[in-house]
Every structure is written in C-alpha cells, then in structure tokens.
Amino acid sequence: MKGRWSGWCSLALVAFQVAGCSLPGGEPTLDSALRARQLMVPVAGVAPDQVPDNFRAPRSGAHIHGAVDIPAPRGTPVLSADDGRVLRLQQNRKGGLTIYATDESEHFIYYYAHLDAYCHGLAKDTRLVRGQVIGSVGTTGDAHRREPHLHFQVMVRPSDGRWWSGDAIDPRPYFTSAGRAKGKRTTRAARRDARSC
C-alpha cells in the first residue's frame, strides 16, 4: 500500500506542476520548462494537430498508455524532437529498437520506440539537434506488423538516476512545430536520408 500511495503522490505532483501551478520558492514549473523546449513532432511530415490523442488509452493491468503513437508509413524519418543527447540505444521485446534521449537541461527524457532502423553513427552520448534524422518508423517489438508508428514518450527525469522510470507527460500540448528534417526542404528528401540510416 505504501508503494501505491507514493506513486499516487508522485503522479499528483507531476499533474500539479504540469497544470502550471508554481512550486515553492518560485522555481519554474514543469509546464513552463517543457513549453520552453518547443518540441517538434518527431515524425517527418506530421503536424501537431495530426498527432492522435492516445496518451490516456487503457492498457492491461489498469495502466494508461502514457505515450503517443504517431502512425506513418514504414521508413518515414524519425526526428529528434529537441536538442540534447542520446542516453541509450536499446532493443527489447516490447519497444523493439528504441532510443532514450534527454534535452540539454537534462530535465526530460524522450523515448522513441518501434523503430525500423537507427541512423548510421548514432550512439550513446551522440549530440542531437531538433529535426535531426535519428531513425525510421517501423514495427519492431510488440507493434502490430500492419500498423507502423512511432511510440513517443516524454518523461520527467527522476532524481534517483533511473531515467527510464520517470513520470510520463502528454507531449501533445507541447508540440510547437511539424516534423521537418533539419536542412531538408521536403519530406521526400528526409525519407532518402532515413533509408540510409
């Protein structure tokens, strides 16, 4: 019971902060800090208003999805949503090919899953620039083979160092621009880059 109570308190604090309420001492809220990141939709050619509202979709065990699934054709470029760096490239049963990254301030964790491929040269500690092609949309892991998409999650980086277990935040209100590969005028040019990843 204690663990469940602690989890609810933590979730309530995140909701309180994301709602824009001030923290004691006048520290910036999570809401203002994440808004300042000006996230790009991490799939080339997808506008903020095209990102499905599936963050709160139910999952087994009375859980919620806690991420957004952005459908796109297989091979569509996956872009870095923000400036920052790669924390880890990992392959697992559920997420398939995944990337954990953080923003420059290291307050937030960005999780990209079900990738078809990583871009050549991407590795732990690689510096990332908003719009940089980092991989391509796929169906690895437990994704349905006929429904390629990017599973994208934003989490608050916990102070205990376990960055993979932070509290999830719905990223949709924080997307400020459509997915556009850095330096590419067209999605077609970005797709050519993604094929070489």
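Just so we're clear, the structure is a prediction, and the values are computed from it rather than from any experiment.
- Between M155 and Y111 there is a side-chain heavy-atom pair separated by less than 4.5 Å.
- Considering only heavy atoms from C-beta on, I134 comes within 4.5 Å of L128 through its side chain.
- Annotation: the span from R85 atom CZ to T126 atom OG1 amounts to 10.5 Å, rounded to 0.5 Å.
- Annotation: side chain of L115 is in contact with side chain of I99 (closest heavy-atom distance under 4.5 Å).
- A search for side-chain hydrogen bond (donor to acceptor under 3.5 Å, both in side chains) contacts involving S177 returns nothing, not counting sequence neighbours.
- A salt bridge does not link D142 with K94: none of the charged nitrogens is closer than 4.0 Å to a carboxylate oxygen.
- Considering only residues two or more places apart in sequence or on other chains, F55 meets the ring pair (Phe, Tyr, Trp, His ring centres under 6.0 Å) condition with none of them.
- Under the side-chain hydrogen bond (donor to acceptor under 3.5 Å, both in side chains) criterion, the residue pairs touching residues 38-56 are D53-R172, with sequence neighbours excluded.
- Taking H65 as the reference, H151 meet the ring pair (Phe, Tyr, Trp, His ring centres under 6.0 Å) condition, with sequence neighbours excluded.
- With contacts defined as side-chain heavy-atom distances shorter than 4.5 Å, the pair I109/L87 qualifies.
- With hydrogens and angles disregarded, no donor-acceptor distance shorter than 3.5 Å links the side chain of T98 to the backbone of Q91.
- Side chains of Y174 and D31 form a contact here, defined as non-hydrogen atoms less than 4.5 Å apart.
- Looking at residues two or more places apart in sequence or on another chain, you find no ring pair (Phe, Tyr, Trp, His ring centres under 6.0 Å) involving Y110.
- Screening residues 148-166 for salt bridge (charged side-chain N to carboxylate O under 4.0 Å, His left out) gives E106-R157 as the qualifying pairs, with residues at least two apart or on separate chains.
- Note that OG1 of T139 is 6.5 Å distant from CG of D116, once rounded to the nearest 0.5 Å.
- The backbone N or O of H107 lies less than 3.5 Å from a partner atom in the side chain of D103, making a donor-acceptor pair.
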